[in-house]
Amino acid sequence: MGQRDQFNGDAKVLHHRAVRTPLPNLEAERVFHENMMTVAAARERKADLLADPDVPLLDAYEAELERVAESFERRLRRIVGDDYREVAMAHHRGERDDRLGELAAYYVEGLWRIQQRTTVTDMLFSPLILRYPDSFTTNIRFAGSYTTPKSIRYESPEHSSEVLTDDHAEIYYSESVYTQQYAAEYLRETAALIREAFPDPDETSVEEREYGGIVSAGGRRGSEFSAMLERVEPDPNRFSEPIDEPTLVEAGPEARRTERALRLKGEIVG
């Protein structure tokens, strides 16, 4: 992120909050759709890399995180401007508490934590993205775990600390390749769910696209990685008033519902 030495994290900016962003016109819907297709494409790229036994798992993992981080950075620049890091740090130091300061701090905190995931274990990233008729919400959440009851798991030999005999090492490697190929197929299938949840506004009616949502979860413990993604039905009664600019809001009933369903443990951030 360029300022990792200065920014040490501030979990309270995420705690049980989400960003609600208005969708006032077709152009705004196109931008939202493009961002979600970037997320889907990142998942498909990760699947391609996982399916290749010659590619280290960490390369596939980092490729997806890089694309997700790019999506966050585009949103930060669109909402806050190119100086979003400075704005976030000013909020972090208590020098500003305005709407843009809060938004910058929220997204920069999420971005910083995402970028830590390649080296941190037992930190589950579980974002929740929901589309409503006039807006969408992004709920960035992290929990002290590495999997959920609905997750698939796959193994990374290069992350294993076990000392194995040659025979056992060969068996372990073969089994790991199998789990990665299974995970690759799962990632492709769930990338399709993202595309279904947020259809192209130029190819669908308003009624077809006014509600949609996904929740995902990914983490690792040692050499074992996990992934899950499923559709979520937004609560049609959540918002009664429109908004005209991105705003931080309380996490809604969908957040509480998915926390229970995924049995997110430890401190829920976001």
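Since the structure is predicted, the reported quantities are computational estimates derived from the model, not experimental observations. Along the sequence shown, the residues carry numbers beginning at 1.
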Any side-chain to backbone donor/acceptor pair from R99 onto P246? Under 3.5 Å, distance only. yes
Under 3.5 Å donor-acceptor, R209 side chain and S205 backbone: yes
Rounded to the nearest 0.5 Å, what's the gap from CD on E73 to CG on L111? Could you check? 5.5 Å
Report the C-alpha separation of N35 and R78 in whole Å, then their side-chain angles, then the decisive distance to 0.1 Å, and conclude whether the side-chain contact (heavy atoms from CB on, under 4.5 Å) test is met. CA-CA 12 Å; N35 276 335; R78 187 176 298 113; 3.8 Å; yes
Supply the atom-to-atom distance I194 CD1 to R231 CZ, rounded to the nearest 0.5 angstrom. 10.5 Å
Mind checking whether H91 and E109 have side chains closer than 4.5 Å, heavy atoms only? no
Any side-chain to backbone donor/acceptor pair from E254 onto D235? Under 3.5 Å, distance only. yes
Sequence neighbours excluded, which residues qualify as side-chain contact (heavy atoms from CB on, under 4.5 Å) partners of T147? S151, R153, S226
Applying a strict under-4.5 Å side-chain criterion to I, L, V, M, F, W and Y, I'd like to know whether L100 and L248 cluster together. yes
Between E44 and R195, is there a side-chain heavy-atom distance shorter than 4.5 Å? yes
Distance-only side-chain donor-acceptor flag, T138 / R75, under 3.5 Å: yes
Give the C-alpha distance, both sets of side-chain angles, the deciding distance and a yes or no for side-chain contact (heavy atoms from CB on, under 4.5 Å) between I214 and F198. CA-CA 9 Å; I214 58 164; F198 308 107; 3.9 Å; yes
Using side-chain heavy atoms (C-beta onward) and a distance below 4.5 Å, is I171 in contact with E175? yes
Test your reading of the model: is there a side-chain donor-acceptor pair from R113 to the backbone of F142, 3.5 Å cut-off? no
Can you see whether F239 has R20 sitting over its ring - NZ or CZ less than 6.0 Å from the centre and within 45° of the normal? yes
Side-chain donor-acceptor contact under 3.5 Å, T258 with R141: yes
Could you go through Y132 and R238, starting from their C-alpha distance and side-chain angles, then the distance that decides it, and tell me whether this counts as side chain to side chain donor-acceptor pair (under 3.5 Å)? CA-CA 9 Å; Y132 302 90; R238 182 175 179 189; 3.1 Å; yes
side-chain contact (heavy atoms from CB on, under 4.5 Å) partners of R256, counting only residues at least two apart: P253, R260
Rounded to the nearest 0.5 Å, what separation is found between the CD atom of E155 and the OH atom of Y178? 14.5 Å
Of all heavy-atom pairs between L23 and A28, which one has the smallest distance, and what is that distance? CD2-O, 3.6 Å
May I have the step-by-step check of side-chain contact (heavy atoms from CB on, under 4.5 Å) for L128 and T137, ending in yes or no? CA-CA 8 Å; L128 173 64; T137 60; over 6 Å; no
Answer yes or no: does atom OH of Y211 have more than 12 heavy-atom neighbours from other residues, nucleotides or ligands under 6.0 Å? yes
Any link between Y154 and M228 through a network of hydrophobic side chains (Ile, Leu, Val, Met, Phe, Trp, Tyr) touching at under 4.5 Å? yes
Taking all atoms of both residues into account, what is the closest heavy-atom pair of P149 and L262, and its distance? CD-O, 3.2 Å
Hey, what's the ring geometry for F136 with F32, parallel, tilted or perpendicular (30° and 60° as the breaks)? parallel
Ignoring hydrogens, what is the shortest heavy-atom contact between G219 and L124? Give both atom names and the distance. N-CD1, 3.8 Å
Considering only heavy atoms from C-beta outward, does the side chain of P127 approach that of S216 to under 4.5 Å? yes
Transitive ILVMFWY side-chain link V108 to F125, under 4.5 Å: yes
Neighbour count >12 (heavy atoms, 6.0 Å) for atom CG, D97: no
Using the ring centroid of each side chain, check whether F225 and Y61 are separated by less than 6.0 Å. yes
Keeping to residues at least two apart or across chains, list the side-chain hydrogen bond (donor to acceptor under 3.5 Å, both in side chains) pairs with something in residues 50-60. none
Side-chain ion pair, R45 and E64, N-O less than 4.0 Å: no
Can you list everything that forms a side-chain contact (heavy atoms from CB on, under 4.5 Å) with E233? Sequence neighbours excluded, please. none
If the condition is side-chain contact (heavy atoms from CB on, under 4.5 Å), which residues does E27 pass it with, not counting sequence neighbours? N25, R30, V31
From M89 atom CE to D83 atom CG, the distance as rounded to the nearest 0.5 Å: 13.5 Å
Taking S71 for its side chain and R67 for its backbone only, find out whether a donor-acceptor pair lies under 3.5 Å. no
Minimum-distance pair of heavy atoms, taken over all atoms of P22 and I243: CB-O, 3.5 Å
Heavy-atom check, side chain of R220 versus side chain of L57, under 4.5 Å: no
For Y186 and L229, indicate whether the former's side chain and the latter's backbone hold a donor-acceptor pair under 3.5 Å. yes
With clusters defined by side-chain heavy atoms of hydrophobic residues (ILVMFWY) lying less than 4.5 Å apart, directly or transitively, does M36 cluster with L76? no
Cluster overlap L264 with V215, hydrophobic side-chain contacts below 4.5 Å: yes
How long is the straight-line distance from OG1 of T38 back to NE2 of H33, given to the nearest 0.5 Å? 10.0 Å
If I compare all heavy atoms of Q180 with all of S156, which pair ends up nearest, and what's the gap? NE2-CA, 4.1 Å
Test: salt bridge (charged side-chain N to carboxylate O under 4.0 Å, His left out). Region: residues 122-131. Which pairs qualify, not counting sequence neighbours? E29-R131, D122-R221
Separation of T179 OG1 from I152 CD1 (nearest 0.5 Å): 8.0 Å
Using modelled atom types only, decide if a donor and an acceptor are shared between the side chain of Y106 and the backbone of I140 within a distance under 3.5 Å. yes
Minimum heavy-atom separation for G222 to T121, with atom names? N-CG2, 3.7 Å
